[in-house]
Peer 1: 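Got a structure for you, written out below as structure tokens; questions coming shortly.
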Amino acid sequence: MKIVLAPDSFKESMTASQAVAAMRDGVRSAIPDAQCIGVPMADGGEGTVDAVIDALGGDRVTEMVQDPLGRPVRAGYGYVSDHRLAVIEMAAASGLELVQPPERNILRASTFGVGQLIASAVDHGARKLLIGIGGSATNDGGAGMLSALGVVFADAEGTTLPPGGAALARLRHIDISGLDPRLADVHVRIASDVTAPLLGTNGASAVFGPQKGATRSDVATLESALTRLVEVTGKTLGGARPDRPGAGAAGGLGFGLMEFLAAECDPGVEVIAQTVGLEQALTGADWVFTGEGSVDAQTMLGKTPFGVARLAARTGAKVVIFGGRVAPDADVLLANGVDKLVAITAPGTPLDQALRDGPTALARAAAEICRTL
């Protein structure tokens with residue numbers, strides 16, 4: 001029997017690799033001769049770097065960069081030298097969790113640190129970049145990221161603009177002559193489940209700005225500023241497409257990456273699955289075990305377990321989703337390609353205990369399922 005183990009991380013309990021190990025222990029205790037193929041997974045958000053470097057044998061690189069407010073912060077990314085591939089989670093440098101609620105200022109928050117991580121990756125020899133762009137504190141259209149890579153954003157007098165999305169309202173000139181020329185030979189791929197355009201009622205400022213502390217006035221300010229960014233980008237590059245799906249991801253970082261670095265934007269689970277070779281691993285599999293900390297109806301909206309289930313359906317493998325918590329509305333998954341839903345924690349278990357005992361509980365649950373196969 002061939003079983004593919006492809007979980008996401010169980011937040012605050014175990015990484016995806018630790019979840020694979022726990023599943024393997026459980027399977028082997030029940031079916032000693034089972035063929036277990038471990039493929040740690042992620043969806044482009046937290047855990048993406050760990051999943052890819054664990055699957056492909058990469059290393060973690062740490063740099064001192066600027067956080068969203070320009071303060072020094074230590075941020076890491078993954079580098080797989082055999083593939084010349086760098087894996088970056090933008091939240092490591094420009095994430096909302098780096099800024100305490102009283103300090104948050106979406107008008108001047110910048111993606112400069114993301115650009116610093118990209119520059120470091122290119123310095124290390126990367127020719128492929130995989131960038132997960134969830135969890136941002138920013139709304140600057142990627143201008144900060146591009147500034148770190150040599151692009152100059154200036155006002156009518158030629159003065160370089162300060163960081164942040166609001167300053168783009170004064171934008172009149174974009175000078176790309178200083179953009180790192182090595183980037184022309186780098187293939188950039190964005191992993192994001194956000195399909196929002198840059199502008200409008202469904203865009204970066206209107207939809208995601210309030211989640212980052214923007215007031216109604218701030219949203220109007222940022223919408224106007226990003227509109228100006230589109231106008232000047234179009235003049236500079238000979239065109240701009242703010243309506244492309246994903247342009248509004250991470251406060252418009254998607255727009256900056258796609259327009260200036262020719263990045264492709266695809267659903268996170270699909271990008272990670274292709275990168276770590278999940279589709280190949282699924283060939284000939286009888287069962288696929290996947291999961292994450294919390295499983296509910298929202299799991300169908302781009303989360304790892306459902307993405308894995310969709311890939312498994314192409315090969316005919318049956319799917320078990322394990323969750324630290326499985327909500328009643330998760331039953332919708334059973335009508336969409338999932339064979340079993342398994343909660344690894346007994347109802348009423350205190351949260352701290354559930355997190356602490358996660359690997360043991362997952363191994364036990366995997367073993368119990370295997371005994372029924």
Peer 1: Just by distance, do the side chain of K11 and the backbone of S294 share a donor-acceptor pair under 3.5 Å?
Peer 2: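 Such a contact is absent between K11 side chain and S294 backbone.
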Peer 1: Keeping the roles fixed (side chain from K212, backbone from T138), state whether a donor-acceptor pair exists under 3.5 Å.
Peer 2: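 Checking the backbone N and O of T138 against the side chain of K212, a donor-acceptor pair under 3.5 Å is found.
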Peer 1: Check for a donor-acceptor pair, side chain of D329 on one end and backbone N or O of A297 on the other, with a separation under 3.5 Å.
Peer 2: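 Answer holds: yes.
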Peer 1: Counting only N and O atoms by type, is there a donor-acceptor contact under 3.5 Å from the side chain of T15 to the main-chain atoms of Q18?
Peer 2: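 Side chain of T15 to backbone of Q18: a pair is present.
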Peer 1: Once rounded to the nearest 0.5 Å, what's the spacing between atom CG of D67 and atom OG of S110?
Peer 2: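 Between atom CG of D67 and atom OG of S110 there are 9.5 Å.
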Peer 1: May I ask you to decide whether R228 forms a salt bridge with E231, counting only side-chain N to carboxylate O separations under 4.0 Å?
Peer 2: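 Salt bridge between R228 and E231, a charged N being under 4.0 Å from a carboxylate O: yes.
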Peer 1: Does T48 reach the main-chain N or O of G45 with its side chain, forming a donor-acceptor pair under 3.5 Å?
Peer 2: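 Judged by distance alone, yes, a pair lies under 3.5 Å.
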Peer 1: I need the full list of salt bridge (Lys or Arg N to Asp or Glu O under 4.0 Å) pairs touching residues 18-40, with sequence neighbours left out, sorted by first then second residue.
Peer 2: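 Those involving residues 18-40 do not exist here.
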Peer 1: In terms of hydrophobic clustering (I, L, V, M, F, W, Y; side-chain heavy atoms under 4.5 Å; direct or indirect links), are L179 and V152 co-clustered?
Peer 2: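 Different hydrophobic clusters.
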Peer 1: Quick check: do S136 and M90 have side-chain heavy atoms less than 4.5 Å from each other?
Peer 2: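 Yes, close enough: below the 4.5 Å cut-off.
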Peer 1: Are L199 and F208 linked, directly or through other ILVMFWY residues, by side chains that come within less than 4.5 angstrom of each other?
Peer 2: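 No; F208 is not reachable from L199 via cluster members.
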Peer 1: Has S94 got a side-chain atom pairing as donor or acceptor with A91's backbone, closer than 3.5 angstrom?
Peer 2: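 Flag not set: sc S94 to bb A91 has no pair under 3.5 Å.
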Peer 1: Does F322 reach the side chain of M23, with side-chain heavy atoms less than 4.5 Å apart?
Peer 2: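 In short, these two side chains touch, coming nearer than 4.5 Å.
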Peer 1: Can you tell me how far CD1 of I37 sits from CD of Q280, rounded to the nearest 0.5 angstrom?
Peer 2: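 Between atom CD of Q280 and atom CD1 of I37 there are 12.0 Å.
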Peer 1: Would one find more than 12 heavy atoms of other residues, nucleotides or ligands at under 6.0 Å from atom NZ of K318?
Peer 2: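 Not buried by this count: 12 neighbours or fewer within 6.0 Å.
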Peer 1: Taking the side chain as everything from C-beta on, heavy atoms only, tell me whether L85 gets closer than 4.5 Å to Y79.
Peer 2: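 SC-SC contact between L85 and Y79 ruled out.
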Peer 1: Decide if atom CZ of R310 counts as having more than 12 heavy atoms of other residues, nucleotides or ligands within a radius under 6.0 Å.
Peer 2: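 It does not: R310 CZ has 12 such atoms or fewer within range.
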Peer 1: So, the side chain of D140 versus the backbone of T111: is there a donor-acceptor pair under 3.5 Å, distance only?
Peer 2: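 It does hold such a pair.
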Peer 1: Examine distances only and state if a side-chain atom of T299 and a backbone atom of V295 form a donor-acceptor pair shorter than 3.5 Å.
Peer 2: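 Answer holds: no.
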Peer 1: Does the side chain to side chain contact (heavy atoms under 4.5 Å, CB included) test come out yes or no for I3 and C370, once each step is laid out?
Peer 2: CA-CA 10 Å; I3 303 176; C370 284; 4.3 Å; yes
Peer 1: Give the table of side-chain donor-acceptor pairs shorter than 3.5 Å for residues 331-359, with sequence neighbours excluded, one pair per line with atom names and distance.
Peer 2:
unit_1 : atom_1 : unit_2 : atom_2 : d
N336   : ND2    : V332   : O      : 2.8
D339   : OD2    : V319   : N      : 2.8
T349   : OG1    : A346   : O      : 2.7

Peer 1: If Ile, Leu, Val, Met, Phe, Trp and Tyr residues are connected whenever their side-chain heavy atoms lie under 4.5 Å apart, and connections chain through other members, are F10 and V27 in the same group?
Peer 2: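 In one cluster: yes.
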Peer 1: Quick one: list whatever passes ring-ring contact (aromatic ring centres under 6.0 Å, His included) with F153, sequence neighbours left out.
Peer 2: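 Scan of F153 (ring-ring contact (aromatic ring centres under 6.0 Å, His included), adjacent residues dropped) gives none.
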Peer 1: Looking at D193 and K303, is there a salt bridge between them, counting it only when a charged N and a carboxylate O are closer than 4.0 Å?
Peer 2: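 Answer for the salt bridge query: no.
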Peer 1: At their closest point, which heavy atom of L226 faces which heavy atom of G141, and how far apart are they?
Peer 2: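 In this case the closest contact between L226 and G141 is CD2-N, 3.8 Å.
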Peer 1: Taking atom types as modelled, find out whether E63 and S120 have a side-chain donor-acceptor pair closer than 3.5 angstrom.
Peer 2: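 Yes, S120 and E63 have a side-chain donor paired with an acceptor closer than 3.5 Å.
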Peer 1: Can you check whether V99's main-chain N or O pairs, donor with acceptor, with R104's side chain at less than 3.5 Å?
Peer 2: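 Here the side-chain-to-backbone pair exists.
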Peer 1: With a 3.5 Å distance limit and no angle check, can you tell me whether D286 reaches the backbone of K2 through a side-chain donor-acceptor pair?
Peer 2: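 At least one qualifying donor-acceptor pair exists.
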Peer 1: Does CD belonging to E46 count more than 12 external heavy atoms closer than 6.0 Å?
Peer 2: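 Check fails, neighbour count at 12 or below.
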Peer 1: For R189 and E270: C-alpha separation, side-chain torsions, deciding distance, then whether salt bridge (charged side-chain N to carboxylate O under 4.0 Å, His left out) applies.
Peer 2: CA-CA 11 Å; R189 197 169 186 196; E270 293 182 14; over 6 Å; no
Peer 1: In terms of side-chain geometry, is the basic nitrogen of E157 or R172 positioned less than 4.0 Å from the acidic oxygen of its partner?
Peer 2: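 Between R172 and E157 there is no salt bridge, as every charged N stays at least 4.0 Å from the carboxylate O atoms.
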